[in-house]
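In what follows, every chain begins at residue 1, and chains take the letters A, B, ... in the order their sequences are listed.
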Amino acid sequence: MNGSAEKLAQALAAIAGEANTSGDPHEIGKYAIHGVTPKALVRPANAEEIAEILRMCAAEKLGVVTRGAGTKIGMGGSPERYDVALVTTRLEQVHGYDPGDLTLSVEAGAHMADVSKLLGEHGQFLPLSVPYQKRATIGGTVASGVDSPLRQGYGSARDFLLGAEFVTGDGTRAKSGGRVVKNVAGYDLHKLFIGSLGTLGVLTKINFKTFPVAEADGGFLASFREETGAIDFVRRIAQSAVAPATLEILSPAMAALLGGQTDLGGMGMDSEGWRAASAGWAVIAGFGGSKKVLRRFETDLGGMASESGAAQAISLDGGTNRSVAERLREAIPLLLDASPATTVVRASVLPSRMGEIFAASRRSGEKHGIRVAIVARGVGIVYTAFLPETSEEKIFERLAAAASEVVTAAEAAQGFGWIPWCPDGLKRRALIWGSGRPDAALMRKLKLVFDPQAILSPGRFFGGI
Amino acid sequence: MLTKEEELRLYEYDGSVETGRPDCVVFPGNKSEVAEIARLVNRYAVPMVGRGAGTGLSGGALAREGGVQVVFSRMNRILAVDYENQRAVVEPGVVNLELSRAVARAGLQYAPDPSSQKSCTIGGNVSENAGGPHTLRYGVTTNHILGLEVVMPDGETYRIGGAAVDAPGYDLVGLFVGSEGTLGLVVEITAKLTRLPESVKTLLAVFETTDDATETVAALTARGITPAACEMMDGWTIRVVESWIHAGLPTDAGAILLIEVDGPKEAAEEQAEAVVETCRAHKAREVRTAKDEREREALWKARKNAFGAVGRVAPDCYVQDGVIPRTRLPETLRRIAEIGKRHGFEVGNIFHAGDGNLHPMLCFDHREPGTFERAMAAASEIIALCVEMGGSITGEHGVGMEKDRLMPLLFSEADLELMKRVRGALNPAGLLNPGKLFPASKSCGEIRAPAMGRGPNELGEGVRGVTQR
Amino acid sequence: MAVEAKGMMRAMAGEAERAEYGDFARCVHCGLCLNHCPTYRLWGREADSPRGRIRQMFLVDSGEMAMDSTFVTHIDRCLDCRACETACPSGVEYGKLVELARGRIEKEYRRKGMARLGRDLFYRRLLPYPKRMAALGGLMRLVQQSGLQKMARSAGLLKLMRVDKRADLLPEIDRKFFSTETTRTFPARSARRARVAFFAGCVARMTFSALSEATIRVLRANGCEVVVPEGQWCCGALEVHAGYRDVAREMARRNFDVFLADEAGFDAIVTNAAGCGSTMKEYGLLFATDPEEHKRAKRFEGMLKDVTEFLDELGLTAPMRHVQMRATYQDSCHLLHGQKVREAPRRLIRAVEGVELVEMELSDQCCGSAGVYNVTQTETAMALLKRKMECVNATAAQTILTANPGCLLQLRAGAELAGKGQEVLHVVELLDRAIGPERP
């Protein structure tokens, strides 16, 4: 530990206490991002301490990266300056949960799992079925902007985030929105925090709308020889009365991964069913409602699947549906574990143009000799994972080219493409934020308002922010 | 372009009780004209305020500090409808209901349905983040807007968001929707369209007391029943509305709930049953289901025209807009009645109960000395009560000119300062819709426009040139 | 009482009648009317919207704004279709306000020379006098029949006179005027169910004899004894709309004398012109200051029925034949918005077997006829007609049904100019066709 690091740790300890501060190289090593190690880490107890820490860091122009459980810390660019790892896990209280009003106010460091458990006790849930569910924090989930299969039926965080409290880069405590389900007072600054990767401020408290758990649930799985059949099925569903909560398309490789290499990995579904599904492009729909509604949906989906030329189509009972949903929820970690250098492109396009992204992904995979797995959501989001066998340097060039090609294809399809996950070595080579857009200029202006000294996760975000 | 006094006076009002007269009114025909106007206005440093149909209820579209009023009524084209992907691209002057009407044949709708939907424009809806009865299930405007094209105060045009979801970067669309025209002029909108439900059931539950009705709302919410809409009308309002609209409302009731459930046929039926059951359990004296589309329309007509109908009982009617947690409904309504009584008013209530979005109404005649002041005092107390209950000062009408002074009830100085700095970042000279949203402060030194006739005649000529081309 | 006294004093002083503060204050400027106003839909200007016009009228009334040409232009441009009244949740009586404002304009505003002379000539010297109108009609018929019109048009003369479009909108004059039929009593053709007085109108007598005859046939076939009382003339609607309230009052008084005569014993006064009906149902507004006359006006109002409304209430009993037809219905503004009659004509249409009624979009929007609007504001009327015909054409109907002579004319011109040659009929003409020729 050098002198300045020691002094920094001391200063932080003066704010958050010795026990919650560390400059120990061994410990802070665990907080490295893309190989960049901070000088110190601090676990503040509350918003006041965070404000004090940020005021100090702003005065000293020290780079600060906020994290919860760190499950998604690999997303985004490498920090240009990284002096302090600010860990929010001590802010874990539920401040207000009003089941009768279907609203929840919770501190940012609270764990998704704990919150889910609490809501479950009241027959409610938060439609953020995000990866790393067991470890992830609420704050990290919002700040990383990861979406979940449930967005088909419930939208993304921006649709049920009611308000937030936060500390900006100059150490000011502020808030926006509120705790009621309808509110138009003031600017919706909290929406800016979704997916901002900690570049605007440190979220301290987050207010959500919660939702009642359906009386019963079920699922439906159809597999198609060609991707066109799968896309057609999804299109038919969008134009029907069937309202699925989740609607996912899996490429054959993805279906195989999800089912496990050899058997079903406890999917609760018979092996034949899964093998049939993973033989082609699979579409999995999950839905909730009364028994009667579920039966209706199953019938309608069966009809639409055969009209779309499904090779196989089966209904999933509640238990199977839930275990399938759990695996789908963890699709990203599964992909990240499937290769030493997994690179995931996230394309969002109009649903009718998903096929173009599928085709571009396959083309790039073939051209560069890299295995590809795809999982897409019915609303028009395609995750293309390139899964090279090796993480050796020599693969990087091809990997970067392949991923960037898919990003470009998304943009050519009048959509958006970026690369949320890739090996550290690729961060500077590939179009991790896409080819850029003019409105980044507006974003940079906003960044300056929230973080005038640019101390928060500098260089990690879109538009060079 | 209009500059004559008598013409300008027709733009000094909107649907609210506020006024603000522009110095000049322009009607751009397309987005490049808007950009040119913005550049001119910026050069001469006069305020600029957008306006759709002028149906707003908080003075958001009024030129509080004069300047150029940019009226979007000519930019009213539906530019594209993508039926397969359920998207529409529209100009800001498109009337809300006209979009729904245009896509209805394909089984689609534009879901946000403010009461003024027959006249209000989507551009105005975007600026105010408009709500409506069916937002309980379908969400407010911001949940349906995917992309915008905005002209910034310096005349630069940006596309934010897009036809696809999840543009990387900050959610600028989320910031702009509901920013009340203080950050940019919206010149093009990409909106989501929603499938029309397969089945709709509209129920009318009649209660002896408002308490029974509000407790029913809380019980519905707690049971996890999410109707498409859940509206409440108290006895006083029922009698006023019925005397004009003749929808067959029970004039001897203490309160009614208008509840609509929709979805697939089976789901709507089951939900309707659950609603009936819950209403009965909370002492509903009667629960009627609209038998056909005509009965359904009659019930909604009573609801959607209620505020106007109240306008018949007194020359002035001040409609408030506050939000509270739904669990606090019974208590809040009781206390609102007390506040009214203390100031000598009978307070009418007709509101989006399912969202906890209250609309207490104070009726008075401003020519009677002192009544205006008393009405304003009562209204302020009601709003303070909403905040005390853990709610908000506005659920859908916006802050505008009406509630700028009330913002500190909800937000700290630091919160407001940050919001002002956000405004300052995108609207640096404060030319766009000045004097709105934030309480006036001495430091602001807001710009007052020189009258168009006297001062920058070149500006007048320039603006005229843009729109006459 | 205070209000009436004030009005009386104004009337005595020769001042124009005025709206009261309360009439204006009902408008809460919510703007719900805007998109229902045909002229706002065309131009998107507040000044040509109901809300904006109310504001202007209020400002002029309260002396804050001058009654200048700008004001008069915007008030002139109003169709007085009253679609805004249907849309208004606050019950603003817009028709009354605009008619009062027009009354003031005629009294207090000096229009430009030719316009003033023309208006005065028509409203004061021609319209009130049956013989003069008949002479004018005869002259016009001569022009139309002699081929002079065609010649004039080809010579560009009409264009030069800026009336070529208007000529299409003017009624064709009948050979035999309906006036020869007045004073007759037509017995019911089945057991008598009602004794009704038929209001024959003024211009309609010269141009819509066939419609009037059809109306009488349909009434008789449905068990009505129909009387066409002598001495009746114009309802005064055109005068009210134009602001000639004194002339209109004279017309109304004449109608009171004719139709309310003690020995007449009518169950109802029936008209087939929605525009006339709407004014006659509001005669009370013309006599706000005199309690005695007001009472008579109210009695008249109570007896006045639109023919569709009357037949719908009475119930159709005449046997009707199958009529194969795909039709659409255009609401006449003064029936729908003025009299709030929407369903009656539709029910009558549906009562005819074989008629497929296809609703058009925006059937509640004015076609541009609006009394003499298509002649005074031709360009606007034509723009509205074009939009109307787009909606009509989209229904693929071969027949356009409506309930007012003015609309018939306008829509016939529309079918020619921007339509697909659709047939245009009054609802009673459809019924007449279904009932078939009278058997001796």
ask   = Non-hydrogen atoms of chain C under 4.5 Å away: do they reach the side chain of B:Tyr11, the backbone, both or neither?
value = side chain
message = Assess the residue pair C:Glu46 and B:Val71 against the criterion (side-chain contact (heavy atoms from CB on, under 4.5 Å)); give the C-alpha distance rounded to whole Å, side-chain angles, the decisive distance to 0.1 Å, and a yes or no.
response = CA-CA 10 Å; C:Glu46 194 71 24; B:Val71 181; over 6 Å; no
Closest heavy-atom pair and its distance - C:Thr70, B:Lys4 = OG1-NZ, 3.1 Å
key: Greatest number of heavy atom pairs closer than 4.5 Å to chain B - which of C:Gly22, C:Cys27, C:Pro89   = C:Pro89
task = For the pair C:Glu343 and B:Arg294, find out whether any cationic side-chain nitrogen is under 4.0 Å from an anionic carboxylate oxygen.
result = no
Inter-residue atom distance B:Glu6.CD - C:Asp68.CG, 0.5 Å rounding = 5.0 Å
message = Does any backbone or side-chain atom of B:Glu98 lie under 4.5 Å from a heavy atom of chain C? Answer side chain, backbone, both or neither.
response = side chain
key: Closest heavy-atom pair and its distance - B:Thr55, C:Cys30   = CG2-O, 3.3 Å
key: Over all atoms of both residues, closest heavy-atom pair of B:Ser119 and C:Leu34   = OG-N, 3.6 Å
query = Out of C:Glu361, C:Arg45, C:Glu64, C:Met65, which one racks up the most heavy-atom pairs below 4.5 Å with chain B?
reply = C:Arg45
ask   = With only heavy atoms counted, which part of C:Ile54 is less than 4.5 Å from chain B, the side chain, the backbone, both or neither?
value = neither
request  = Counting only heavy atoms closer than 4.5 Å, note whether C:Leu59 contacts chain B via side chain, backbone, both or neither.
outcome  = side chain
inquiry  = If I compare all heavy atoms of C:Gly44 with all of B:Ser73, which pair ends up nearest, and what's the gap?
reply    = O-OG, 2.6 Å
query = Which pairs, with at least one residue in residues 28-75 of chain C and sequence neighbours excluded, count as a ring pair (Phe, Tyr, Trp, His ring centres under 6.0 Å)?
reply = B:Tyr13-C:His29, C:Phe24-C:Phe58
request  = Against chain C, work out which of B:Val17, B:Val95, B:Leu2 has the most heavy-atom pairs shorter than 4.5 Å and name it.
outcome  = B:Val95
task = Tell me, for B:Arg101 versus chain C, whether the close heavy atoms (under 4.5 Å) come from the side chain, the backbone, both or neither.
result = side chain
ask   = Looking at B:Ala306, B:Gly54, B:Cys317, B:Ser115, which one has more heavy-atom pairs under 4.5 Å with chain C than the rest?
value = B:Gly54
ask   = Going from CG on C:Asn35 to NZ on B:Lys118, what distance comes out if it is rounded to the nearest 0.5 angstrom?
value = 10.0 Å
message = Would you say that more than 12 heavy atoms from the other residues, nucleotides or ligands in this model lie under 6.0 Å from the NZ of C:Lys340, or not?
response = yes
